[in-house]
Amino acid sequence: MSFITAKNLKHYFVRRDEEGQAIGEIPALDGIDLEVEPGQFIAVLGHNGSGKSTFAKHLNVLLSPTEGTLFVDGKNVEDEDETWNIRQSAGMIFQNPDNQIVAGVVEEDVAFGPENIGVPTEEIVTRVEESLAAVDMTDYRHHSPNKLSGGQKQRVAVAGVVAMRPKCIIMDEPTAMLDPNGRQEVLRTAHRLNREEDVTIILITHYMEEAADADFIFVLDQGKVVMRGTPRKIFSEVEKLHRYGLDVPQMTRLAYELKKEGCPLPDGILNRAQLLDALCERVLRPDSCGNAAAIRKGDSAETADLKDGSIRNSLPDTQKKEILRLEQVSYAYGAGTAYERKALQSIDLTVYDGDFIGIIGHTGSGKSTMIQLFNGLLKTKTGKICYGGQDISAPDFSMRALRGRVGLVFQYPEYQLFETTVLKDVAFGPKNQGLDESAALEKAKTALRQVKLDANCWEMSPFELSGGQKRRAAIAGVIAMEPDILILDEPTAGMDPQGRDELFRLIAALHDRLHMTVLLVSHSMEDVADYVERIVVMNQGEIMLDGTPSEVFAHVRELEEASLAAPQVTYLLSDLREKGYPVNGSVTTLEEAKKEILKLC
């Protein structure tokens, strides 16, 4: 018997006006037909608004069908007597961990679910220990979840569901806020539960590499299942996926681009190992392979001057105008208490006018803390922060003016959206700067056009928008104030590939057209490599590396030790060098990798 059976499943959301009166229906699911067998690992893909999260909530009986039928573990979700049993069978991990963290201490939160289903105390203790270890959060078991970063909170949420030992785990973008190492740990946990304990996994993700390891994939569009099949079958249809606003794994994309150039590669390559084997067997000329040992020695010589783990030779041209400077800045949460936790230690950093900087680091490395110091949301008593050459802690320095000049877009855009309409929300900042309503609304409209948020959305409530639209609205609210510096904390987390690419192109355009200084916090090594000019690597509250993408990603070993990674193409070119092919070892983008490989064909 199938674990999940959906037949003609439909769901409509009722749209209401400001008085709460129904003014129409919004179709979210439109005739879903699918079956999932016990023990399968299923990936569900689709653009933002395609119906993925709505479908997931039906599996946990958080929503009920408008039409059609849905059975989970043999139980009809519309049978109210079975609701509790279904939720015990099918645990849910949400996109935003704040939506499911309930306790004031991490280990108590993880224990909450098992306690509610009557697990004996001794068993709860064991489950809590194993679950926290599985997501690498044991060291934080006595911390308050409110003091954790977004990624750390997500690990706690995952541990809480794992501790309940459900038959099925529904994971709605569970790794969106995690660093590469944390992402792998969560996925390894999911695959282990699936493989060793026969737990059915339903993974909703925008990371195509995660979907590539699934048994089967369903692709949703406009509330319908439009594609279904194995990862190899699905990812062989690159152009079709693009039409649905999706992408393919980076190695699949590189193979596809090389094939268009005439390379005899097979369809459906999913990972680095498959592409490496295919290149060596089918594409690369045998006479292009040289002395692997000599090439590796050359690699060592190239990075010999960087043994101290820091890069300073590539800092921006000193002729640039300094805009922001941190000198020996430290910060601790709960300073002076038993729960004191150091977040930053002796940070020295200079940002120049017009910089485009990527800030990367493991979850809890201090990235979000540092950027909140930039515009005074957090204040430190240790060290000095200067904006435009002025100490921001000086009594005569205007903190309000600083926040107009240094704009910050948070990890979760809904945290900074609050007005009744999108247009009013975006106009709020300019009005606070002293503009009259008419001028503020014009600024807001200009900003909304710049972020390409459709005018049909302007009079909607911000909370009616999709995740991607909320991010655009939040960015518009910041750029409407015409800041000198735009800081974005994980701006594309939870966005579909098409929305992600559009947003990055928008950010790059703002940087180029308005000469805006941009600081981008991200866990996506590929996105950072594609767009930024300089990378600052945070590790344990300190700056570990600072340089160009090619210089930073040359330090693969150090990055991995800091729970990070290099782009997949960097690893591939490194693999080719190991085999003796004379390719550039500092490649960081897909286009660069393609050119290097074609040289050897």
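Values reported hereafter were calculated over all heavy atoms of this structure, with side chains retained and with hydrogens, waters and symmetry mates removed.
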Test log, rule ring-ring contact (aromatic ring centres under 6.0 Å, His included), inputs F418 and F428: CA-CA 10 Å; F418 57 90; F428 182 84; 4.8 Å; yes

Would E257 and K260 satisfy salt bridge (Lys or Arg N to Asp or Glu O under 4.0 Å), going step by step from the backbone distance to the final call? CA-CA 5 Å; E257 293 295 330; K260 287 200 298 184; 3.7 Å; yes

Could you go through Q154 and T175, starting from their C-alpha distance and side-chain angles, then the distance that decides it, and tell me whether this counts as side chain to side chain donor-acceptor pair (under 3.5 Å)? CA-CA 8 Å; Q154 187 62 287; T175 64; over 6 Å; no

Using side chain to side chain contact (heavy atoms under 4.5 Å, CB included), reason through I170 and C168 one step at a time and then give a plain yes or no. CA-CA 7 Å; I170 305 140; C168 172; 4.1 Å; yes

For L187 and D213: C-alpha separation, side-chain torsions, deciding distance, then whether side chain to side chain contact (heavy atoms under 4.5 Å, CB included) applies. CA-CA 10 Å; L187 288 171; D213 290 330; over 6 Å; no

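Salt bridge annotation for D172-K52: absent, with no cationic side-chain nitrogen under 4.0 angstrom from a carboxylate oxygen. Between K367 and E490 no salt bridge is recorded (no basic side-chain N to carboxylate O distance below 4.0 Å). Taking the charged nitrogens against the carboxylate oxygens, K259 and D267 do have a contact shorter than 4.0 Å, which makes a salt bridge.
When the salt bridge (charged side-chain N to carboxylate O under 4.0 Å, His left out) test is applied to D489, no partner is found at least two apart in sequence or on another chain.
Within the 4.5 Å cutoff, no side-chain heavy atoms of L519 are placed close to those of F356. Two residues are said to be in side-chain contact when any heavy atoms from C-beta on lie closer than 4.5 Å; H191 and F41 meet this criterion. Counting heavy atoms from C-beta on, the side chains of Q416 and V409 come closer than 4.5 Å. No side-chain heavy atom of L590 sits less than 4.5 Å from a side-chain heavy atom of Q568. With contacts defined as side-chain heavy-atom distances shorter than 4.5 Å, the pair L63/T54 qualifies. A 4.5 Å side-chain heavy-atom check between R253 and M208 finds every atom pair outside the cut-off. Put simply, the side chain of I507 does not reach to within 4.5 Å of the side chain of H511, judged on heavy atoms. The closest side-chain heavy-atom distance from I485 to N375 is not below 4.5 Å.
In this model, a donor atom of one side chain and an acceptor atom of the other lie less than 3.5 Å apart for Y256 and E239. Side chains of S89 and D73: a donor on one and an acceptor on the other come within 3.5 Å. Between the side chains of H47 and Q498, not a single donor N or O lies within less than 3.5 Å of an accepting N or O. T205 and E173 form no side-chain donor-acceptor contact under 3.5 Å, judged by distance and modelled atom types alone. Side chain to side chain, R505 and Y531 fail the donor-acceptor criterion of an N or O pair below 3.5 Å. Under 3.5 Å, the side chains of D530 and T589 contain no donor-acceptor pair of N or O atoms. Side-chain contact, T363 with Q152: no donor N or O sits under 3.5 Å from an acceptor N or O. Using modelled atom types, one finds no donor on one side chain facing an acceptor on the other under 3.5 Å when comparing N181 with D179.
When all heavy atoms are compared, the tightest approach of I357 to V532 is C-CG1, 4.0 Å. For the residue pair V77 and V61, the shortest heavy atom distance occurs at O-CG1, 3.6 Å. Closest non-hydrogen pair, G39 versus N194, comes out as O-ND2, 2.8 Å. Of all heavy-atom pairs spanning I32 and G223, the tightest one is CD1-O, 3.3 Å. D33 approaches K7 most closely through the heavy-atom pair OD1-CA, 3.1 Å.
For the pairing with I360, the side chain to side chain contact (heavy atoms under 4.5 Å, CB included) check across M538, H523, M525 returns one residue only, M525.
For H11 and F13, the ring centers sit closer than 6.0 Å to each other.
Going from atom CG of N8 over to atom CG of L29 covers 11.0 Å, rounded to the nearest 0.5 Å. The distance from atom CD1 of I479 to atom CD of Q450, rounded to the nearest 0.5 Å, is 4.5 Å.
Other residues, nucleotides and ligands contribute at most 12 non-hydrogen atoms within 6.0 Å of the NZ atom of K57. Atom CD of E533 has more than 12 neighbouring heavy atoms from other residues, nucleotides or ligands inside a 6.0 Å radius.
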